[in-house]
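Written out below as structure tokens is the structure these notes cover.
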Amino acid sequence: MMLKTFVQQRRDITEEELLDYNGFCQLLPGASSTQTITLIGYKRGGLPLAILTLIIWILPACILMSALSFLLDFFDDRSINIQLFRFIQPMAVGFIIFSAFRLFKISIHNTITRIIMPVAAILTFLFFKTPWIFPSVIVAGGIATNFSSKRIPQKGIPPKKINWGNILIFLGVFAIAAFFSETARKDNWKNRAQFNLFENDYRFGSLTFGGGDVLILLMYEQYVVRPQTEEVTVSNPKVLRMTKSEFLTGSGIVRAIPGPVFSISSFVGGMALRAKGPKYQLLGCFIGSVAIFLPSALLVLFFFPVWNNLKKYAVIYRSLEGINAAVVGIMAGASLYLLKNISIDITGGSAEPFINIAVIAGTFCLLSFTKLRAPFIVLACLLLGWIF
């Protein structure tokens, strides 16, 4: 769509520039589509147009996902049957399996990546409830592919001077958010939930490699799995939390709306603070929307000026090779873990497991072998929930 609109029709940028922007954004954590379109605005009109472009790009999806958090709250308050959404959860798993399969074909192409991927999958499945497993696996994958320089050798002498000052704002916000979030938790501030929510989303936006599907897995671990662990239950009973049904419903609906998948943070922010009342729920939607996209904007706008120098370092490309393989493994392991929470036991005599399996397999096949767009798959699953 960007190639057709900004290159062929409007001629805002050249095809070479678009490919360069896309390659640069794939190296960064965060929402790559959002970063790419922000760079196009930056190239055409500098910082003001870049910011305006970012806001216009994320606003529709964030508003819709924020509204969904109130819609589910409305249903819950009135005890309305929401069986309509019952097959959205297996559909979401089908999306993740498809994404893992698609990335597998792109990222797994040599011996080291074939080793990293299954190891990452096994570790993710075994230690899914441990919060450090995702960054540890990603960092280890990036290190592992740097032991050999034969596949991607360093060509020429890279420049020695890189101005890292532009990234201090990004790191500063990261450190300040972490400090206030932890202080609010330890001292049990009255408004601790807002600080915790901002820190969580800013951290996700700063460390998510692999796009919206990986973000969904990180959020699922943070807001659904982690609050149920014995350690957190005892030491941090006021931790932000969501039910599995609520989260997987949001992760399915976000596929049916236009815009970036990262907008699920608007929904999660609202659901995390909804117990405090509508005003705080709306504040949670706002915090989720800002905190998740702020790192992407800071990284791309302040890091891009050094891109022409940094891309001469082969170590970057070697690390990305391992990171991508680790991401595929994380998604594969997480898919298996999420299947544990969906009824697929066909020995019980119920029809629901058969339908769940059919929804998962059908979602994967439709995405793999047809050009049917995601919103129509979501609508079909909603219709299925209404029928059954």
Does the side chain of L215 come within less than 4.5 Å of V261's, by heavy atoms?
-> no
With V119, the side chain to side chain contact (heavy atoms under 4.5 Å, CB included) member among I122, L123, I116 | L123
Are L240 and V234 linked, directly or through other ILVMFWY residues, by side chains that come within less than 4.5 angstrom of each other?
-> no
Measure the OG1-CZ distance between T249 and F87 for me, rounded to the nearest 0.5 Å.
-> 12.5 Å
Contact check, side chains of I108 and T113, non-hydrogen atoms, under 4.5 Å | yes
Nearest 0.5 Å please: distance from the OG1 atom of T124 over to the CD atom of E221.
-> 11.0 Å
Same cluster for L379 and I257 if Ile/Leu/Val/Met/Phe/Trp/Tyr side chains link at under 4.5 Å?
-> yes
Sub-4.5 Å side-chain heavy-atom contact between I37 and F6 = yes
Do F101 and F364 have ring centres separated by under 6.0 Å?
-> yes
Can you tell if the side chain of S251 reaches within under 4.5 Å of the side chain of I264, non-hydrogen atoms only?
-> yes
Salt bridge flag under 4.0 Å for residues R185 and E199 = no
Does F98 CZ have over 12 foreign heavy atoms under 6.0 Å away?
-> yes
Roughly how far, to the nearest 0.5 Å, is the CG atom of L54 from the CG atom of L294?
-> 9.0 Å
I169, L47: one ILVMFWY side-chain cluster at the under-4.5 Å cut-off?
-> yes
Indicate yes or no: at least one non-hydrogen side-chain atom of I253 is less than 4.5 angstrom from one of L64.
-> no
Contact check, side chains of S263 and I58, non-hydrogen atoms, under 4.5 Å | no
So, do F170 and Y202 sit near enough that their side-chain heavy atoms are less than 4.5 Å apart?
-> yes
Identify the residue among L336, L338, I360 that makes a side chain to side chain contact (heavy atoms under 4.5 Å, CB included) with I97.
-> I360
The reported gap from CZ in F127 to OG in S136 (rounded to nearest 0.5 angstrom) is 10.5 Å
Hey, is CD on E231 packed in by over 12 heavy atoms from elsewhere, all under 6.0 Å?
-> no
In one Ile/Leu/Val/Met/Phe/Trp/Tyr side-chain cluster, 4.5 Å: I287, L59 = no
Of all pairs that satisfy salt bridge (Lys or Arg N to Asp or Glu O under 4.0 Å), the ones with a partner from residues 41-57, not counting sequence neighbours | D12-R44, E17-K43
d(M91 CE, L382 CG) to nearest 0.5 Å is 8.0 Å
Can you measure from CZ (R274) to CE (M271) and round to the nearest 0.5 angstrom?
-> 3.5 Å
Which hydrophobic side chains are connected to W189, either touching it within the sub-4.5 Å cutoff or through other members that do?
-> I176, F179, F180, F195
Does one side chain, of T34 or W57, offer a donor that lies under 3.5 Å from an acceptor on the other?
-> yes
Decide if atom CZ of R10 counts as having more than 12 heavy atoms of other residues, nucleotides or ligands within a radius under 6.0 Å.
-> no
Do V300 and I55 share a hydrophobic cluster (ILVMFWY, side-chain heavy atoms under 4.5 Å, transitive)?
-> yes
Contact check, side chains of N110 and E321, non-hydrogen atoms, under 4.5 Å = yes
